[in-house]
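Here the structure comes first, spelled out in structure tokens, and everything after it is commentary.
Since the structure is predicted, the reported quantities are computational estimates derived from the model, not experimental observations.
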Amino acid sequence: MKVGIGRERRDGEKRVAATPETVTQLIGLGVDVTVEAGAGLASGYSDAAYQKAGAQIAPDFDATAFDVLCHVRPLSPELAATLPTGVITVGLASPASELPTVAALAAAKVTSFALELVPRISRAQSMDALTSQALVAGYRAVLEATIRFPRFFPLYMTAAGTIPPARVLVLGAGVAGLQAIGTAKRLGARVSAYDVRPASADEVTSMGGTFITLDLAAVEGAGGYASELAEDRAVRQRELLAPHVAKADVLITTAAIPGRPAPLLVTRQMVAAMPAGSVVIDLAAETGGNVEGVQPGVDQLVPTTAGDGFVTLVGMQDAASAMASDASRLYAKNVANLLALMTNDGQVVPDFTDEVIAGACLTADGVVRHAPTAAALE
Ligand code: NAD
């Protein structure tokens with residue numbers, strides 16, 4: 001069977017869905033791999049490296065000419081509509097926000113797999129792109145803060161005086177938040193963190209952070225995820241968080257609820273109450289933001305209430321893509337491992353009795369198989 005790897009079309013997207021290493025893995029499964037010329041360049045993978053791994057390089061890549069098409073960002077509805085019946089696609093699909101593409105995939109009778117839908121179970125960890133990309137984003141968020149922060153992160157005791165460590169607060173201690181905690185800690189900051197799931201307290205501590213407990217009943221929904229807070233409790237949560245935010249030099253927010261807009265955890269007023277020179281990195285900016293008024297891809301200077309300066313509010317965009325080489329290395333492994341699960345003797349044949357394959361399937365045989373997405377399309 002023929003597997004195609006195209007160049008990503010979305011502005012700012014530097015990742016690629018296969019690396020030379022995963023091309024070797026895929027060819028080992030008995031499939032032919034074609035990579036669009038230049039597809040890996042922004043991630044640091046040359047055409048020559050793909051060719052050496054056994055891929056064909058296509059200068060005139062036709063995305064409709066393959067049995068399996070792998071991608072990073074969701075396909076456009078236009079491309080989805082032109083794919084032949086029975087084609088298999090594997091990649092991120094953002095089903096909650098890319099409904100026209102989902103509808104087009106279903107209408108074209110494409111068998112599409114959305115990496116966001118891979119069940120978060122032990123057996124599927126090697127295919128879990130949400131985790132691999134959140135790991136990159138959490139790390140990157142801290143680096144983005146350090147370059148904007150006009151102070152050191154670690155404690156320095158020098159002959160010219162003592163510099164206190166930066167106080168970093170992380171809100172949302174899932175995969176990205178835990179990576180942010182670990183990274184800030186390694187840089188010498190004093191780190192505290194909060195999550196609405198009390199189960200995350202041990203993980204925060206094991207990464208070297210101090211867990212903040214609020215006087216707010218815990219909220220844990222299905223599958224270990226948080227569920228949305230009722231508005232009165234969300235207001236109370238912001239009130240209780242305010243003194244912690246006011247003490248932070250660096251605030252990193254990562255809170256998310258699957259399939260829903262990001263919860264608002266920090267108001268503009270709370271940002272303005274932070275010390276002058278502080279930095280806020282909102283990793284949830286692309287899904288509505290945890291911080292009031294944040295804009296994806298934009299740095300804003302928020303005047304402090306004290307009138308002594310500004311807080312830099314950063315709406316992170318394409319955080320994983322900013323570290324395209326390693327983000328692609330992990331992502332491509334996720335894609336190849338999912339394909340490996342579906343491939344026998346060079347034939348990609350999904351077995352829908354497998355809970356990982358069934359769970360990750362977005363559309364098949366003209367039907368949207370992911371119930372919440374099907375309901376949203378009605
Ligand atoms: P996510 O990206 O959906 O959300 C990030 C964090 O935001 C979560 O920890 C969530 O609890 C938190 N959050 C949501 N609303 C909040 C609020 N109002 N206030 C504060 N925090 C809020 O989460 P994720 O990183 O994908 O991880 C979610 C869960 O899945 C975790 O329990 C994680 O351990 C688990 N997980 C399991 C596996 C696996 O078993 N294979 C893999 C990865 C993650």
Chi angles and distances behind the side-chain contact (heavy atoms from CB on, under 4.5 Å) call for Val31, Val68
CA-CA 10 Å; Val31 299; Val68 179; over 6 Å; no

What I'd like to find out is whether the side chain of Asp195 reaches to under 4.5 Å of the side chain of Glu203, using heavy atoms alone.
no

Would you call Leu241 and Leu169 a side-chain contact if the rule is heavy atoms closer than 4.5 Å?
no

Spacing of Ile212 atom CD1 and Leu240 atom CG [to the nearest 0.5 Å]
11.0 Å

Between Thr254 (side chain only) and Gly172 (backbone N and O only), is there a donor and an acceptor less than 3.5 Å apart?
yes

Using the rule that Ile, Leu, Val, Met, Phe, Trp and Tyr join whenever any side-chain heavy atoms are under 4.5 Å apart, tell me whether Leu171 and Leu283 fall into a single cluster.
no

Ser321 side-chain N/O to Ala324 backbone N/O, donor-acceptor pair under 3.5 Å
no

Same cluster or not: are Val16 and Tyr331 linked, directly or through other Ile, Leu, Val, Met, Phe, Trp or Tyr residues, by side-chain heavy atoms under 4.5 angstrom apart?
yes

Counting only heavy atoms from other residues, nucleotides and ligands, does the tally under 6.0 Å from CD of Gln269 exceed 12?
no

Is it true that atom CG of Asp299 has more than 12 heavy atoms of other residues, nucleotides or ligands lying nearer than 6.0 Å?
yes

Any side-chain heavy-atom pair from Pro258 and Glu116 closer than 4.5 angstrom?
no

Taking all atoms of both residues into account, what is the closest heavy-atom pair of Ala284 and Ala255, and its distance?
CB-O, 3.7 Å

Looking at Val271 and Val311, what are the two nearest heavy atoms and their distance?
O-CG2, 3.4 Å

Going by the side chain to side chain contact (heavy atoms under 4.5 Å, CB included) test, name the single residue among Val314, Leu264, Val266 that passes it with Val291.
Val266

Count the heavy atoms belonging to other residues, nucleotides or ligands that lie under 6.0 Å from NZ of Lys109, then report whether that count exceeds 12.
no

Are Phe310 and Met270 connected, step by step, through hydrophobic side chains (Ile, Leu, Val, Met, Phe, Trp, Tyr) whose heavy atoms are closer than 4.5 Å?
no

For Tyr45 versus Ser325, what's the shortest heavy-atom pair and its separation?
OH-O, 2.9 Å

Identify the two heavy atoms, one from Leu341 and one from Arg123, that lie closest to each other, and give their separation to 0.1 Å.
CD1-NH1, 4.1 Å

Between Pro263 and Asn290, which heavy-atom pair has the shortest distance, and what is it?
O-ND2, 2.7 Å

Kindly check if the number of other-residue, nucleotide or ligand heavy atoms within 6.0 Å of CG (Asp345) is above 12?
no

Counting distance only, does the side-chain N/O of Asp354 pair as donor-acceptor with the main-chain N or O of Val356 below 3.5 Å?
yes

Test Val168 against Asp249 for side-chain contact (heavy atoms from CB on, under 4.5 Å), laying out the working first.
CA-CA 6 Å; Val168 174; Asp249 299 309; over 6 Å; no

Between Thr304 and Gly307 (side chain of the first, backbone of the second, donor and acceptor by atom type, cut-off under 3.5 Å), is there such a pair?
yes

Is there a side-chain contact (heavy atoms from CB on, under 4.5 Å) between Gln125 and Thr131? Walk through the geometry before answering.
CA-CA 8 Å; Gln125 273 179 7; Thr131 292; over 6 Å; no

Between Thr24 (side chain only) and Pro20 (backbone N and O only), is there a donor and an acceptor less than 3.5 Å apart?
yes

Salt bridge check, Asp67 against Lys2: does any charged N sit closer than 4.0 Å to a carboxylate O?
no

Between Arg167 and Lys247, is there a donor-acceptor pair closer than 3.5 Å when you use the side chain of the first and the backbone of the second?
yes

Is the closest side-chain heavy-atom distance between Cys70 and Leu339 below 4.5 Å?
yes

Report yes or no: do Val294 and Val245 belong to one cluster of Ile/Leu/Val/Met/Phe/Trp/Tyr joined by side chain heavy-atom distances under 4.5 Å?
yes

Among Leu187, Val191, Thr183, Ile163, which residue meets the side chain to side chain contact (heavy atoms under 4.5 Å, CB included) test with Phe153?
Leu187

Can any side-chain N or O of Thr34 pair as donor or acceptor with the backbone N or O of Gly4 at less than 3.5 Å?
no

Would a distance-only check, ignoring hydrogens and angles, find a side-chain to backbone donor-acceptor pair under 3.5 Å from Gln300 to Gly293?
yes

Begin with the C-alpha distance, continue with both residues' side-chain angles, and end with the deciding distance and a verdict on side-chain contact (heavy atoms from CB on, under 4.5 Å) for Val235 and Arg238.
CA-CA 5 Å; Val235 170; Arg238 292 193 282 275; 3.6 Å; yes

Would a single hydrophobic cluster contain both Val302 and Met274, if residues Ile, Leu, Val, Met, Phe, Trp and Tyr are joined by side-chain heavy-atom contacts under 4.5 Å?
yes

With the side chain counted from C-beta on, respond yes when Glu355 and Ile121 share a heavy-atom pair under 4.5 Å apart, and no when they do not.
yes

Donor-acceptor contact below 3.5 Å, side chain Arg151 vs main chain Pro164:
yes

About how many Å separate CZ of Arg148 and CG of Leu143, when rounded to the nearest 0.5 Å?
11.0 Å

Output yes when Arg73 and Asp318 qualify as a salt bridge under the 4.0 Å nitrogen-oxygen rule, no when they do not.
yes

Please report the interatomic distance CG(Leu135) to CG(Leu178), rounded to the nearest 0.5 Å.
10.0 Å

For a quick test of reading the model, state the closest non-hydrogen atom pair linking Ala193 to Ile181 and the distance between them.
CB-CD1, 3.5 Å

Rounded distance (nearest 0.5 Å) linking atom CG of Leu330 with atom CZ of Arg15
10.5 Å

Considering only heavy atoms from C-beta outward, does the side chain of Arg7 approach that of Arg9 to under 4.5 Å?
yes

Test item: Glu8 side-chain N/O and Val72 main-chain N/O as donor-acceptor pair under 3.5 Å:
yes

Is there side-chain contact between Tyr139 and Asp326, with at least one heavy-atom pair below 4.5 Å?
no

Would you say that Val298 contacts Leu313 through its side chain, given a criterion of any heavy-atom pair below 4.5 Å between the two side chains?
no

